[in-house]
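As structure tokens, the structure follows; a few thoughts come after it.
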Amino acid sequence: MTQTSYSETSMAPLKSRSSGRLMIFGFLSPTLIILLFMVAYPIFSLIWYSFHQFSALKPNQGFQYVGLENYTYLLDDPSLWKRFIFTGKFVFVCVSVQMVLGIFVGYRLQKAFRGRDLIFTLLMMPMMLSPVVVGFLWRYMLNSEWGIVNYMISLTGLEKVSWLSQTTPALFAAAAADTWMWTPFIILLATAAFRGIPDTIYEAAEVDGASPAYVFFRVTLPMSAPVLFIALILRLIDSFKQYDLFFALTGGGPGSSTETVSFAVAKRAFNYFYTGEASALAVILLFIIIGLSMILVRHLSKMGEKY
């Protein structure tokens with residue numbers, strides 16, 4: 001009798017634990033099904049398309065398996081490598097400038113002063129706009145004839161710049177538009193990270209006679225590094241897949257010199273309807289982004305252990 005009651009008592013927590021897991025799975029299953037349908041299915045379909053020759057204009061011809069032919073064709077295309085180089089330049093310029101500006105402004109906004117909330121709200125406004133709207137706005141501002149930017153340049157006695165009809169000026173024009181739009185995102189995360197540092201640490205550094213530069217580089221940046229690293233990862237991912245800004249700002253021109261890799265994917269898929277090639281190029285871009293993200297996340301985990 002005692003042995004039976006003891007076994008029943010020991011089995012009770014196991015039954016309650018298993019029933020709790022079933023309940024959790026029951027609540028999560030609709031969400032998991034939606035995620036599988038919206039994320040996993042498109043990715044696997046994209047990979048499957050990349051191994052086939054298929055055109056959306058000729059669906060009756062079906063899918064023709066070509067193996068790695070789409071990948072080899074793309075990687076042997078010199079124009080595609082130019083797009084990768086242009087995308088890399090754009091990502092480097094944008095992310096570098098945005099991180100520096102975002103950290104500097106965020107550090108200034110962490111301290112209370114009169115009008116801080118108003119300034120912070122105004123700085124967040126560009127981030128709320130659509131990238132297409134930002135692209136068209138900067139396209140009008142950078143117009144070579146009547147744009148306000150060239151008008152301001154002409155007031156100084158300098159010659160007007162053809163911002164959108166030359167490759168290098170167009171690169172910096174796109175980087176400026178993207179920086180204007182997404183630096184507030186870095187400011188938002190940086191300010192939150194800086195405010196999360198306890199005041200006692202700053203007070204101890206002040207008592208020890210540490211200079212403001214020493215406190216910033218030895219205390220503020222290291223302790224907020226995990227959050228800033230997350231901001232860096234998110235901006236790298238978003239910058240690599242930038243399309244809509246270039247579509248509205250330069251249209252990929254002059255010629256195709258300002259086409260990013262994402263722009264080339266959209267062009268092959270929806271202008272030429274080379275669905276197989278576009279899928280292969282999208283898979284290449286996907287694995288590049290995943291690889292960079294994994295490297296950065298590994299460094300982020302090390303930072304988390306350190307700080």
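Everything quoted here is computed from the prediction, not taken from an experiment. All residue numbers in this chain count up from 1 along the given sequence.
Using a 4.5 Å heavy-atom cutoff, the side chains of N150 and N143 are not in contact. Contact of the V261 side chain with the F240 side chain is not registered, since no non-hydrogen atoms from C-beta on lie closer than 4.5 Å. V265 is not listed as a side-chain neighbour of R268, based on a closest heavy-atom distance of 4.5 Å or more. With a 4.5 Å cut-off on side-chain heavy atoms, L221 and L228 count as touching. Counting heavy atoms from C-beta on, the side chains of I201 and M223 come closer than 4.5 Å. Between L137 and W180, some side-chain heavy-atom pair lies under the 4.5 Å cut-off. Between V105 and L123, some side-chain heavy-atom pair lies under the 4.5 Å cut-off. Looking at heavy atoms from C-beta onward, F54 lies out of side-chain contact with Q64 at the 4.5 angstrom threshold.
Side-chain heavy atoms closer than 4.5 Å link hydrophobic residues (I, L, V, M, F, W, Y) into clusters, and following such links, even through other members, never connects F120 to L122. Both F104 and L188 are assigned to one and the same hydrophobic cluster, defined by single-linkage of ILVMFWY side chains at heavy-atom distances under 4.5 Å. V297 is connected to V91 through a chain of hydrophobic side-chain contacts under 4.5 Å among Ile, Leu, Val, Met, Phe, Trp and Tyr, so both are in one cluster. Transitive grouping of hydrophobic side chains (ILVMFWY, heavy atoms separated by less than 4.5 Å) brings M99 and M127 into a common cluster. Follow the hydrophobic side-chain contacts under 4.5 Å out from V95 and you reach I288 in the same cluster.
A donor-acceptor pair under 3.5 Å is formed between the side chain of T258 and the backbone N or O of G252. A donor-acceptor distance shorter than 3.5 angstrom exists from the side chain of W81 to the backbone of L75, with no hydrogens or angles considered. Side-chain atoms of K82 never come within 3.5 Å of backbone atoms of S257 as a donor-acceptor pair (strictly under, hydrogens ignored). The closest donor-acceptor contact from the side chain of R116 to the backbone of Q110 lies under 3.5 Å.
The neighbour count for R108 CZ, taken as heavy atoms of other residues, nucleotides or ligands under 6.0 Å away, does not exceed 12. Atom OH of Y272 has 12 or fewer neighbouring heavy atoms from other residues, nucleotides or ligands inside a 6.0 Å radius. Around atom CE of M124, more than 12 heavy atoms belonging to other residues, nucleotides or ligands sit under 6.0 Å away. More than 12 non-hydrogen atoms from other residues, nucleotides or ligands lie less than 6.0 angstrom from CZ of F113. Within 6.0 Å of the OH atom in Y41, the count of heavy atoms belonging to other residues, nucleotides or ligands does not exceed 12. Within a 6.0 Å sphere centred on CG of N271, other residues, nucleotides and ligands contribute more than 12 heavy atoms. Heavy atoms of other residues, nucleotides or ligands lying less than 6.0 angstrom from NZ of K89 number 12 at most. Counting heavy-atom neighbours within 6.0 Å of K267 NZ, excluding the residue itself, gives a total above 12.
Within the model, atoms OH of Y73 and CG of L80 stand 10.0 Å from one another, a figure rounded to the nearest 0.5 Å. The line from CZ of F92 to OG of S239 is 12.5 Å long, rounded to the nearest 0.5 Å. Note that CG of D244 and CZ of F246 are 10.5 Å apart. Values are rounded to the nearest 0.5 Å. If you take CG on L232 and CD1 on I103, they are separated by 9.0 Å, rounding to the nearest 0.5 Å. Here the straight-line distance linking atom OH of Y151 with atom CH2 of W146 works out to 15.0 Å at 0.5 Å rounding. We find the OG1-CD1 distance between T220 and I197 to be 4.5 Å, quoted to the nearest 0.5 Å.
Between the side chains of R83 and T87, no donor-acceptor pair is found at a separation under 3.5 Å.
Note: F185 and W182 have perpendicular aromatic rings, judged against thresholds of 30 and 60 degrees for the angle between ring planes. Classified by interplanar angle (parallel below 30°, tilted 30° to 60°, perpendicular above 60°), the ring pair F263/F247 is tilted. Ring geometry for Y107 versus F194: interplanar angle over 60°, hence perpendicular rather than tilted (30 to 60°). Between F90 and F86, the ring planes are parallel. Angles under 30° get that label, and only those over 60° would be called perpendicular.
Between V215 and A210, the closest heavy-atom pair is CG2-CB, 3.8 Å. Residues I43 and L286 share a closest heavy-atom pair of CG2-CD2, 4.4 Å. For I153 against E159, the heavy-atom pair with the smallest separation is CG2-O, 3.5 Å. Here the closest non-hydrogen pair linking V134 and A177 is CG1-O, 4.0 Å. Between G135 and L249, the shortest heavy-atom distance links the atoms O-CD1, 3.5 Å. Counting all heavy atoms, side chain and backbone alike, P169 lies closest to S162 at CB-O, 3.9 Å.
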Decide side-chain contact (heavy atoms from CB on, under 4.5 Å) for N70 and S279; before the verdict, give the C-alpha distance in whole Å, the side-chain angles of both, and the deciding distance to 0.1 Å. CA-CA 9 Å; N70 289 327; S279 300; over 6 Å; no
Check against side-chain contact (heavy atoms from CB on, under 4.5 Å), L292 and L236: CA-CA 9 Å; L292 287 174; L236 278 174; 5.7 Å; no
Carefully, step by step, assess D238 and R235 under the rule side-chain contact (heavy atoms from CB on, under 4.5 Å). CA-CA 5 Å; D238 191 67; R235 286 306 305 139; 2.9 Å; yes
Could you give me the CA-CA distance, side-chain angles and deciding distance for L285 and I289, then say whether side-chain contact (heavy atoms from CB on, under 4.5 Å) is met? CA-CA 6 Å; L285 181 61; I289 294 175; 4.1 Å; yes
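Salt bridge D208/R218: absent, no basic N to carboxylate O contact under 4.0 Å.
With S50 as the fixed residue, the side-chain contact (heavy atoms from CB on, under 4.5 Å) test singles out one of L68, L74, V283: V283.
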